[in-house]
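Data first, discussion second: the structure below is written as structure tokens.
Quick note on labels: first sequence line is chain A, next is B, and so on, each numbered from 1.
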Number of protein chains: 2
Amino acid sequence: MEKKKNVSMAVIKRMPKYYRYLGELVKNDVDRISSKELGEKIGFTASQIRQDLNNFGDFGQQGYGYNVKELHNQIGTILGVGKEYNAVLIGAGNIGQAIANYSRFTDIGLGITAIFDANPKLVGMRIRDVEIKDIDELKEYLEENTIDMGILCVPRINAQKVCDVLVNGGVKGIWNFAPIDLHVPETVKVENVHLSESLLTLVYQMNK
Amino acid sequence: MEKKKNVSMAVIKRMPKYYRYLGELVKNDVDRISSKELGEKIGFTASQIRQDLNNFGDFGQQGYGYNVKELHNQIGTILGVGKEYNAVLIGAGNIGQAIANYSRFTDIGLGITAIFDANPKLVGMRIRDVEIKDIDELKEYLEENTIDMGILCVPRINAQKVCDVLVNGGVKGIWNFAPIDLHVPETVKVENVHLSESLLTLVYQMNK
DNA sequence: TAGATTGTTAATCGATTAACAATC
DNA sequence: TAGATTGTTAATCGATTAACAATC
């Protein structure tokens with residue numbers, strides 16, 4: 001799919017930002033943009049933008065720049081936007097409910113097919129038409145359905161255990177909101193959202 | 001406060017992780033640890049750990065290693081744990097409510113003193129004993145109270161506008177959950193939690 | 001064509017790792 | 001004291017920026 005293997009994490013983390021800014025430009029009917037202009041918008045150097053994009057292909061044209069709509073689509077394809085991803089969400093607490101309710105992720109292609117929780121009070125309830133099932137049914141559910149992703153919103157203490165069930169159930173990625181570093185096989189990708197650590201980083205900077 | 005000025009972002013982002021692991025060790029009554037052992041636990045090199053810590057002081061002892069409890073406290077102090085931070089939360093939607101409800105941040109010293117929303121249906125409701133006020137009252141509230149931090153959970157379209165009110169109201173930091181890069185003066189620190197970008201990063205990695 | 005801007009190579013900068021003298 | 005492990009300097013590695021020939 002990509003031109004070169006082993007694109008660095010630094011580059012990958014910047015791609016969604018390009019995608020977002022280009023989406024804005026598409027919305028504003030901007031047809032073309034140079035790396036210089038885009039760089040000024042985003043706050044990157046033109047050089048960095050060209051280097052980043054050239055990890056994936058030659059999307060520009062000398063003397064012209066980049067076609068906004070085309071580049072937006074290309075980056076979308078690179079990131080995997082548009083494909084459908086079946087996900088299960090585990091832990092219907094504060095964060096879990098927020099994620100399940102947040103419609104923005106549907107645009108990316110995320111579809112939450114089932115929600116699980118250990119709390120009997122929550123089991124049977126529905127979030128956006130998706131029923132909350134008992135966590136004990138997770139293993140069986142994963143056997144009977146092809147699930148790409150697990151969204152992990154359980155308390156720290158249960159996170160690794162639930163993670164193992166997800167991994168054994170065949171998920172290829174875990175979006176982890178639990179404050180812990182999960183142990184998974186190399187084939188499974190983990191993306192962490194560690195809110196406490198984010199907050200601490202902010203607090204540190206505020207104290208300077 | 002710190003030994004050297006200008007600690008790099010790469011280091012700062014790792015500090016909360018040290019703090020978390022050391023907190024675990026304290027809980028497990030571990031008295032001392034060497035950079036080698038800690039490195040194996042976290043997945044960093046011993047060298048990196050020593051380099052990182054020496055940005056802030058000489059916390060170790062040759063031939064012994066680090067006193068776990070002491071190092072945990074020291075890093076806590078560096079990060080600013082324990083101090084009290086007054087915060088307002090703007091946007092009581094999915095994410096906003098989740099953050100307001102999440103008690104874990106209280107441990108760090110975060111106290112949400114008021115919540116604001118534009119939706120009249122939400123105004124007057126309470127989340128954990130904190131009343132949701134009308135967004136129009138934000139400016140006045142900030143004039144009458146000393147607020148350190150704004151937690152921004154409003155839709156993208158309103159984010160910069162609300163951000164400006166927060167900045168003029170004297171906040172020193174903004175924890176931003178809106179999918180936008182905010183423009184603020186240099187004195188104000190912004191920490192972004194861009195969930196869509198996090199999800200896209202995961203999706204990209206899953207497709208490899 | 002001439003001007004603009006890319007793709008890409010080379011130079012620089014910063015961050016990580018290795019090595020080791022200092023010292024508990 | 002001898003062994004262990006730090007703090008710190010030096011070496012390496014990787015990422016960013018600058019430069020420029022290629023070309024639309």
Side-chain angles (χ1 to χ4, degrees), chain A residues 2-18 21-22 25 30-75 78 201 204-205, chain B residues 2-18 21-22 25 30-75 78 201 204-205:
Chain A
E2 59 279 349
K3 199 180 167 193
K4 290 170 199 165
K5 308 284 162 189
N6 290 331
V7 180
S8 83
M9 238 333 149
V11 175
I12 294 166
K13 293 273 178 197
R14 280 192 294 270
M15 296 308 286
K17 198 160 176 175
Y18 292 131
Y21 273 87
L22 288 163
L25 291 168
V30 179
D31 284 336
R32 49 173 278 197
I33 196 158
S34 67
S35 57
K36 186 160 172 287
E37 290 170 300
L38 187 57
E40 280 158 10
K41 258 191 181 306
I42 307 192
F44 296 165
T45 62
S47 201
Q48 176 160 72
I49 290 175
R50 294 204 299 279
Q51 287 279 18
D52 283 354
L53 296 180
N54 279 76
N55 279 292
F56 301 101
D58 298 356
F59 303 125
Q61 192 173 323
Q62 279 99 328
Y64 174 88
Y66 299 87
N67 178 300
V68 170
K69 203 164 184 176
E70 196 187 300
L71 185 58
H72 182 249
N73 283 337
Q74 295 271 19
I75 295 179
I78 290 162
T201 304
Y204 169 82
Q205 290 177 281
Chain B
E2 58 279 349
K3 199 179 167 192
K4 289 170 200 166
K5 308 280 161 193
N6 289 331
V7 179
S8 83
M9 236 333 147
V11 175
I12 294 166
K13 293 271 177 198
R14 279 193 294 269
M15 296 307 287
K17 199 160 174 174
Y18 291 131
Y21 274 86
L22 287 163
L25 291 168
V30 178
D31 285 334
R32 49 173 280 199
I33 196 159
S34 68
S35 56
K36 185 160 173 285
E37 288 169 301
L38 187 58
E40 280 160 9
K41 257 191 182 307
I42 307 192
F44 296 165
T45 61
S47 201
Q48 177 160 72
I49 290 174
R50 294 203 301 276
Q51 288 278 18
D52 283 354
L53 297 179
N54 280 75
N55 279 291
F56 301 100
D58 298 356
F59 305 124
Q61 194 173 320
Q62 281 97 331
Y64 174 87
Y66 299 87
N67 179 299
V68 170
K69 205 165 184 176
E70 196 188 299
L71 186 58
H72 182 249
N73 284 336
Q74 296 270 18
I75 295 179
I78 290 163
T201 304
Y204 169 81
Q205 291 177 281

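Evaluation of the side chain to side chain contact (heavy atoms under 4.5 Å, CB included) rule for Glu70(A) yields Asn67(A), Gln74(A) as partners, not counting sequence neighbours. With sequence neighbours excluded, the residues satisfying side chain to side chain contact (heavy atoms under 4.5 Å, CB included) with Ser8(B) are Ala10(B), Val11(B). Partners of Asp52(B) according to the side-chain hydrogen bond (donor to acceptor under 3.5 Å, both in side chains) rule, which considers only residues two or more places apart in sequence or in another chain, are Arg14(B), Tyr18(B).
Side-chain nitrogen and oxygen atoms of Tyr66(B) include at least one within less than 4.0 Å of the OP1 or OP2 phosphate oxygen of dG7(D).
Atom CD in Glu37(B) sits about 11 Å away from atom C1' in dA4(D), given to the nearest Å. Asn6(B) places its CG atom 11 Å from the P atom of dA15(C), with the value rounded to the nearest Å. The CD atom of Glu40(B) sits 11 Å away from the P atom of dT5(D) (whole-angstrom rounding). What separates CZ of Arg32(A) from P of dT6(C) is a distance of 9 Å, to the nearest Å. For the pair Asp52(A) CG and dA15(D) P, the computed distance is 11 Å after rounding to whole Å. The distance from atom CG of Asn54(A) to atom P of dT6(C) is 10 Å, rounded to the nearest whole Å. At whole-Å resolution of the value, CD1 in Ile49(B) and P in dT8(D) are 17 Å apart. Atom CG of Leu71(B) and atom C1' of dT6(D) are 13 Å apart (whole Å).
Applying the salt bridge (Lys or Arg N to Asp or Glu O under 4.0 Å) test to residues at least two apart or on different chains, the pairs with a partner in residues 32-41 of chain B are Lys36(B)-Glu40(B).
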**Fill in**
With both pairing distances under 3.5 angstrom for Watson-Crick or G-U wobble, and | for a partner in another strand, the correct string for DNA chain D is ..||||||||||||||||||||||

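The minimum heavy-atom distance linking Phe59(A) with Ile78(A) is given by the pair CZ-CD1, 3.9 Å. Nearest approach of Ile49(B) to Leu38(B), heavy atoms of both residues: CD1-C, 3.8 Å. Here the closest non-hydrogen pair linking Ile12(A) and Val7(A) is CD1-O, 3.6 Å. The two residues Thr201(A) and Pro16(B) make their nearest non-hydrogen contact at OG1-CG, 3.8 Å.
If you check every strand for non-hydrogen atoms under 4.0 Å, Phe44(B) touches nothing.
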**Fill in**
B/S/- along nucleotides 18-24 of chain D (protein heavy atoms under 4.0 Å) is BBB-BBB

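Checking Ala10(A) against Ser34(B), the closest nucleotide of DNA chain D that is more toward the 5' end is the one next to Ser34(B).
Remark: the backbone N or O of Asn54(B) is not paired with any side-chain donor or acceptor of Asp58(B) at under 3.5 angstrom.
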